[in-house]
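In what follows, a structure is listed as structure tokens, so that the remarks can point back to it.
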Amino acid sequence: MIEDTIASLVQVPVSRPRERTWSFRIPGWEGALFILALLGLWQGITTWVKLPNPALFPSIPVTLRALWSSLPELLKGTCYSFRILVPGYFSAVALGILWGLLVGTTGWLHRTFSPFARAAAPVPPTVFIPYAIALLPTFRLSAIFVVFIGAFWPVFINTAAGAAAMPCRHRDNARILGLSRCSYLRRVVFRAALPHIFSGMGVGLALSFILLTVAELFGANAGLGHFVQYYADFADYPRMVAGIVFTGAVTLLSMGLLELVKRRALFWVR
Amino acid sequence: MNAAPGFTVEDVSFAYGNTPVLQHINLTIQAGEFLCLLGPSGSGKTALQRLLAGLERPASGRITWRGAAVTGPSIERGMVFQDYSLYPWMTLVDNIGLALELSDPSLTKAMRRERAAEYLAAVGLQGTGRQYPFELSGGMRQRAAIARILALSSSALLLDEPFGALDPLNRARLQDLLTAIWSQATPRRTVVFVTHDVEEAIYLGDRVVMLGSSPGRVIGEVAVPFPRPRRRRELFTAPEFHRLSDTISDHYHSEVLEHIHEAWTMTGLKEGI
């Protein structure tokens with residue numbers, strides 16, 4: 001049979017398949033050492049150095065105790081914050097990707113929308129906060145809106161750039177196969193633009209956290225940003241620092257989660 | 001061979017912007033013919049392929065496929081690109097499955113998977129279906145690209161220097177694989193194979209059409225008289241093979257040398273070669 005004839009012509013070494021797994025990159029010892037050194041410096045300064053205003057500089061044990069005692073409040077605050085962050089960020093990601101794919105692949109849309117995008121994207125989203133609060137009925141809605149604006153532009157811009165930078169052969173291939181526009185966008189352009197999309201999502205997520213906490217400083221009555229602002233007003237600096245540390249940890253964890261998804265989704269990128 | 005026309009190229013010219021790439025190309029390719037396009041870089045071989053595929057439109061002139069004008073790309077005329085035509089984010093089975101899905105929408109997913117595995121086995125890649133292109137060597141990838149094009153069940157195959165990046169051993173294997181696939185199918189597919197290797201063109205082709213450069217034009221053609229199946233060792237030691245190869249090379253190189261000469265004198269060297 002034809003298969004046998006042809007199989008006899010070629011001998012193939014089969015390499016071991018690469019697994020598509022969830023994996024974290026373990027940081028090296030240099031990084032851990034540096035963080036330990038910073039903590040040591042913090043503890044050293046707060047114990048041995050005579051500071052002009054010791055109340056402003058809580059030591060590590062004091063901060064940890066404050067962190068422990070306000071943990072329930074902080075967790076509740078995180079839930080509250082995430083109810084702003086999640087809808088704002090994910091609607092921005094969904095819309096940014098969709099619109100980015102369309103604009104990146106359609107000449108006339110690109111010509112129509114890009115000048116506006118170039119003008120609107122660099123406007124710092126924080127300037128919308130007072131207006132959004134005045135305009136929208138609840139604080140949550142206005143904060144969601146601001147987070148959306150902040151995350152939308154990086155996702156959109158990166159998606160459009162990724163779609164436009166796709167190698168021509170992917171497009172030619174799709175044309176020869178006769179893919180419909182919809183499956184071309186979904187199965188080819190989206191996948192090819194995914195490295196760009198993830199970098200846009202990373203920038204968008206970092207910006208979302210900034211905007212979320214800034215918005216909460218303005219007008220929230222709960223949430224991570226509000227927690228920090230609240231205890232600063234009472235000059236309860238151990239709790240304030242605990243709030244900063246906790247917010248940092250939440251941000252780090254969220255970014256780490258995104259990185260994990262990215263590494264799994266982009267296994268084919270060399 | 002029957003005389004039904006596969007492709008006809010009638011007085012076709014083509015340009016990228018203001019740079020003329022092809023000028024007044026006339027060519028008829030019979031259905032089922034294995035045609036090799038031989039030419040140096042800049043002779044518009046790739047452009048001609050893209051015109052045949054329908055990925056580009058001629059500036060003037062007309063291209064037909066089976067009597068109808070070529071107005072756009074079609075799954076009827078499958079193309080293998082210089083750089084492998086596989087999507088890097090799909091496994092081999094999914095890449096081939098996508099081709100199957102579009103060439104025959106009635107197939108179920110399970111049938112497509114099964115069929116894809118068969119095509120992979122047909123090119124000697126049994127058991128690699130779940131691998132991704134980046135896990136394969138260059139030769140394996142190009143073989144998978146051929147399996148994919150078989151799945152398209154295209155009646156024309158447009159191959160743009162498909163073996164250009166391979167080592168001589170893999171190259172020879174894939175040449176034999178391609179001719180085996182081509183000669184065992186009925187009816188035979190029309191193949192347009194672009195190369196700049198004279199011996200490869202003679203070994204594979206029924207006919208070799210030579211293109212000259214700047215701008216690309218047809219400078220000659222030779223019918224290859226050797227019967228099939230061709231045996232590499234016998235053919236490559238036959239004096240007729242070398243005579244034909246020399247004839248083509250002389251023709252081909254006189255063109256190339258002429259251009260080199262022009263280029264040298266143009267860059268201000270007082271004496272040419």
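As a basis for the values below, the full set of heavy atoms in this structure was taken, side chains included, without hydrogen atoms, waters or symmetry mates. Chain letters run A, B, ... following the sequence lines, proteins first and then strands; every chain starts at 1.
No side-chain donor-acceptor contact under 3.5 Å links Trp89(B) to the backbone of Ala265(A).
Within 6.0 Å of the CZ atom in Arg231(B), the count of heavy atoms belonging to other residues, nucleotides or ligands does not exceed 12. Counting non-hydrogen atoms of other residues, nucleotides and ligands closer than 6.0 Å to CZ of Arg115(B) gives a total of 12 or fewer. Atom CZ of Arg83(A) sits in a sparse spot, with 12 or fewer heavy atoms from other residues, nucleotides or ligands closer than 6.0 Å.
Distance CD1/Ile149(B) to CD1/Ile176(A): 8.0 Å, rounded to 0.5 Å. Separating the CG atom in Leu55(B) from the CZ atom in Arg169(A) is a distance of 14.0 Å, to the nearest 0.5 Å.
You'll find the side chain of Arg148(B) reaches within 4.5 Å of the side chain of Leu177(A), heavy atoms only.
Taking both residues in full, the closest heavy atoms of Met90(B) and Arg187(A) are given as CE-O, 4.1 Å, listed atom of the first, atom of the second, then distance. The minimum heavy-atom distance between Gly178(A) and Leu102(B), with the atom names listed, is O-CD2, 3.9 Å. Gly54(B) and Arg175(A) make their closest contact through O-NH2, 3.9 Å (heavy atoms, listed as atom of the first residue, atom of the second, distance).
Ranked by heavy-atom pairs under 4.5 Å with chain A, the list Glu76(B), Arg77(B), Met79(B) is led by Met79(B).
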